[in-house]
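When a ligand or atom number is given, it counts from 1 through the structure's own listing order. Keep in mind the model is a prediction, meaning the values are calculated, not measured.
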Amino acid sequence: MVYRIPSPKVLEDSIRRVIREHQSIPSQRRFTELVLEDLKKKNPEYRVGEVRLRRMALLRNLARVTIQYRETRDMSRKGRCPVCSSPTEELHNMTLEDRTVELGFKCTKCPYWTGPRKRVPVRYIFTMQGDIVPPSKKKGRYAQWKFA
Ligand SMILES: [Zn+2]
């Protein structure tokens with residue numbers, strides 16, 4: 001199958017457009033679909049993976065990413081972050097999200113953390129940075145950008 005990997009610049013532009021237009025996207029699957037739709041307007045052969053998209057949104061600060069977790073029965077251990085695949089580091093007595101974590105691991109690049117029982121991400125919500133613009137005002141703002 002013929003496919004192309006978009007460059008970081010092309011991908012970043014697509015993510016910015018999608019986030020600006022939708023403002024809040026309730027799942028990783030939907031986010032990937034929307035970015036892919038946007039990419040395909042440029043080249044129908046573009047492909048992109050969920051992890052690459054999520055990493056870019058997080059690490060380049062293109063969107064606010066809210067991560068919902070499920071706590072498993074497994075012990076957490078050092079390794080790659082399940083959110084962005086960066087290395088993790090050990091935690092001792094840290095306060096995160098208003099909870100004191102005595103032992104666990106934290107990603108070195110993104111907000112992921114886990115206590116002694118391994119937490120796994122179950123849902124990602126992608127939201128625009130800053131205030132959500134109500135649809136009534138959005139129209140005017142878009143028009144302005146168009147002619148800027
Ligand atoms: Zn991470």
Check your understanding: Okay, side chain of Y112, backbone of R119: is any donor-acceptor separation there less than 3.5 Å?
Key ->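 Side chain of Y112 to backbone of R119: a pair is present.
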Point to revise | Main-chain N/O of L62 paired to R16 side chain as donor or acceptor, under 3.5 Å | key: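 Here the side-chain-to-backbone pair does not exist.
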Practice item. Drop me the distance from W113's CH2 to S76's OG, to the nearest 0.5 angstrom. Key: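 The OG atom of S76 is 10.5 Å from CH2 of W113, to the nearest 0.5 Å.
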Exercise for review: Step through the shown structure and confirm whether more than 12 heavy atoms of other residues, nucleotides or ligands are within 6.0 Å of NZ on K78.
Suggested key: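 Result for NZ/K78: enclosed.
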Exercise for review: Could you point out which residue of R55, R17, R60, R52 forms a salt bridge (charged side-chain N to carboxylate O under 4.0 Å, His left out) with E12?
Suggested key: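 So, applying the salt bridge (charged side-chain N to carboxylate O under 4.0 Å, His left out) to E12 and each of R55, R17, R60, R52, only R60 qualifies.
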Review point. What is the number of protein N/O/S atoms located under 2.8 Å from the Zn ion (ligand 1)?
Key: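 If we list every protein N, O or S atom nearer than 2.8 Å to the Zn ion (ligand 1), we get 4.
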Practice item. Name all residues meeting the ring-ring contact (aromatic ring centres under 6.0 Å, His included) criterion together with F126; count only those two or more places apart in sequence or in a different chain, and write none if there are none. Key: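 Scan of F126 (ring-ring contact (aromatic ring centres under 6.0 Å, His included), adjacent residues dropped) gives F31.
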